[in-house]
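Working notes, structure below.
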Amino acid sequence: MVGFSYGNDMGCHIDGFIAVVAHTHVLQEGPVTGRASDVIAAANTAAEVALRLVRPGKKNKDVTEAIQKVAAAYVCKIVEGVLSHQLKQFVIDGNNVILSVHI
């Protein structure tokens with residue numbers, strides 16, 4: 001069994017412009033293998049893909065579709081209800097959101 005820590009979130013703001021970050025740590029002896037390593041790789045790859053797609057000219061649905069393709073490639077199911085919010089000055093949860101999965 002692999003244990004994952006949670007609660008390692010950190011945030012700050014400079015002049016009201018907000019940044020947040022979180023990390024997942026594997027809590028076990030030895031390497032992570034098998035299905036657990038697939039899930040970790042899927043989450044990391046999906047995050048990297050999303051970061052590269054969030055840019056002018058792309059639509060939120062393009063990011064969602066790419067995340068879904070990564071999950072499918074790793075035979076993983078995305079947790080429903082997870083949103084990535086637009087960050088604005090003094091606003092951590094803006095109106096524009098990216099869905100992790102279309103239901």
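Atom-to-atom distance recorded for Thr64:OG1 and Asn60:CG is 6.5 Å, nearest 0.5 angstrom. Distance check, rounded to the nearest 0.5 Å: NZ of Lys61 to CD1 of Ile98 gives 13.5 Å.
Atom CG of Leu51 sits in a crowded spot, with more than 12 heavy atoms from other residues, nucleotides or ligands closer than 6.0 Å.
Under a 3.5 Å cut-off, the side chain of Asp62 and the backbone N or O of Lys59 do form a donor-acceptor pair. Listed for the Ser37 side chain is a donor-acceptor partner under 3.5 Å among the backbone atoms of Gly34. With hydrogens and angles ignored, the 3.5 Å screen pairs no side-chain donor or acceptor of Gln68 with any backbone N or O of Ala71.
Within the 4.5 Å cutoff, side-chain heavy atoms of Tyr74 are placed close to those of Thr45. Ile18 is not listed as a side-chain neighbour of Val91, based on a closest heavy-atom distance of 4.5 Å or more. Taking the side chain as every heavy atom from C-beta outward, Ile67 and Val49 never approach each other to under 4.5 Å.
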For this session: Dump the intermediate steps for salt bridge (Lys or Arg N to Asp or Glu O under 4.0 Å) on Arg52 and Glu48, then the final yes or no.
Result: CA-CA 6 Å; Arg52 285 166 174 73; Glu48 291 293 326; 2.6 Å; yes

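Legend: salt bridge (charged side-chain N to carboxylate O under 4.0 Å, His left out) pairs involving residues 30-44, not counting sequence neighbours, sorted by first then second residue: Arg35-Asp38.
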